[in-house]
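In listed order, ligands and their atoms are each counted from 1.
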Amino acid sequence: MPHDLHSSEADEGLALLIDKLCRTRSLSLGEYERLIAQRTPGTARELASRADAVRRQVYGTKVFTRGLIEVSSFCKKACLYCGIRRSNATARRYRLSADEIVKCANIGYDLGFRTFVLQGGEDPFFTDDVLCGIIGQIRAGHPDCAVTLSFGERSRKSYERLHEAGAERYLLRHETASPALYRRWHPPEMSLGNRMRCLSDLREIGYAVGAGFMVGAPFQTAADLACDLQFIEQFQPEMCGIGPFIPQKDTPFGDRPAGTAEQTVYLLSLLRLMQPKLLLPATTALGTILPDGRERGLAAGENVVMPNLSPLSVRKKYALYDGKLCTGEEAAQCIGCLSRRVQLVGANIVIDRGDVKS
Ligand code: 5AD
Ligand code: FES
């Protein structure tokens, strides 16, 4: 059967590349591209089981949690894919007060969270003074917890002040490491150069840094995704958040097809093999595109879950894309059912700050 022969030959070629990746933790751009472009269900299964084994070697059965607090849906930027871009007049805007944010963290603490991710659009309301006050209150109330920030591009001075106030981690997805693709996804005033400047400032200041990229977004090719893998290999972030692109109807990319869970999970496995200690979160976008997306991701190398601690009244308004999961098991209050789902894939949620393994 020539067809089967062909596909098994292709699988064998890819298997050799996967072996090389496991041994050297590094491939050329062309090799990454081949692995991505020639994905087959067989290679995906092989990759997932190897990634799962590597995660177990490093982290055992532990899965870390982070309590996500979405503090503001105002944003001064206009990324073409994003539902809360400033030019989206139909986006529903909200902003939590400092008190509300601290209250979310207190509730999260009682639920067993030991790290809080404060995330928002680039909302000028959140000046350094405002953020430093909030960070200070959370750290004072819960000295055993880590505070992670995700407020986009800021100056080096600002990152320094926030770090001095007690924020130890910062999430800033690079979105795509391909300069040409970056330009197609962002308005002219944004640049990949500044994004990279931010990431290297964060690293130099001493933050644990989370980079990341979207999968299956408009115009993206296997060669672009290969650039992302090569960037991660070189930058070695502590965390890497990846999720499928999902269209939001009121954005310029509103009628584009979504990325797939299969490709996202495949890339997650590759990342685990490239960087065994990497913190890899199960993203809401993956859970949105496929009901058991996050379980599949957990079985293929992920080791972090980030349930939502934002007040229920605002959860739907933080609408980066359509159909976002915002009730049920992504909610922090459902940590019990989430634990059971994580146990189904042979892992356990732990009460821990969840630092990257040194
Ligand atoms: N689909 C999927 N992910 C998106 N993000 C923004 N818009 C979308 C979308 N339409 C991601 C970006 C951003 C993160 C907070 O959410 O990668 O960094
Ligand atoms: Fe600012 Fe999406 S455009 S958060």
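Ring geometry, His186 versus Tyr182: the interplanar angle falls under 30°, so the pair is classed parallel (tilted spans 30 to 60°).
Applying the 6.0 Å contact sphere to NZ of Lys103 captures no more than 12 heavy atoms from other residues, nucleotides or ligands. More than 12 heavy-atom neighbours from other residues, nucleotides or ligands sit within 6.0 angstrom of CZ on Arg25.
Nearest protein neighbour of atom 7 (N) of ligand 1, counting heavy atoms only, is Tyr81 CD1, 3.3 Å. Counting only heavy atoms of the protein, atom 16 (O) of ligand 1 lies nearest to Leu320 CD1, 3.3 Å. For atom 2 (Fe) of ligand 2, the closest non-hydrogen atom on the protein side is Cys82 SG, 2.2 Å. Summary of contacts: the protein heavy atom closest to atom 10 (N) of ligand 1 is Ile246 O, 2.7 Å. Looking from atom 1 (Fe) of ligand 2 to the surrounding protein, the closest heavy atom is Cys75 SG, 2.2 Å.
In summary, the atoms of ligand 1 found under 4.0 Å from a heavy atom of Met214, numbered by their order in the structure, are 2 (C), 3 (N), 4 (C), 8 (C), 17 (O). Residue Phe245 approaches ligand 1 through these ligand atoms, each under 4.0 Å from one of its heavy atoms: 1 (N), 2 (C), 10 (N).
At a heavy-atom cutoff of 4.0 Å, ligand 2 is contacted by the side chain of Ile84 but not by its backbone. Using a 4.0 Å cut-off between heavy atoms, Pro244 contacts ligand 1 through its backbone alone, with no side-chain atom that close.
At least one N or O atom of Glu175 sits closer than 3.5 Å to an N or O atom of ligand 1. Taking distance alone, with nitrogen or oxygen atoms compared against 3.5 Å, Arg173 approaches ligand 1 more closely than that limit.
Residue contacts with ligand 1: Gln248 is excluded, as none of its non-hydrogen atoms falls under 4.0 Å. For the ligand labelled ligand 1, residue Ala258 lies outside the 4.0 Å heavy-atom shell.
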Inset, instruction - Output, in order, the C-alpha distance, side-chain angles, deciding distance and verdict of side-chain hydrogen bond (donor to acceptor under 3.5 Å, both in side chains) for Thr40 and Thr43. - result: CA-CA 5 Å; Thr40 64; Thr43 2; 2.5 Å; yes

Legend entry - Intermediate values then yes/no, side-chain contact (heavy atoms from CB on, under 4.5 Å), Leu171 and Met239: CA-CA 8 Å; Leu171 308 182; Met239 179 181 261; 3.7 Å; yes

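No donor-acceptor pair under 3.5 Å is formed between the side chain of Glu238 and the backbone N or O of Ala211.
For atom 3 (S) of ligand 2, the nearest non-hydrogen atom from the set Ser87, Cys79, Gly83, Gly121 belongs to Cys79.
Remark: the Thr127 side chain and the Asp129 side chain contain no N/O donor-acceptor pair separated by less than 3.5 Å.
Note that Arg154 lies outside the cation-pi zone of Tyr159, set by a 6.0 Å cut-off to the ring centre and a 45° limit from the axis. Stacking of Arg95 on the aromatic ring of Phe74 is recorded, both the 6.0 Å distance cut-off and the 45° axial limit being met.
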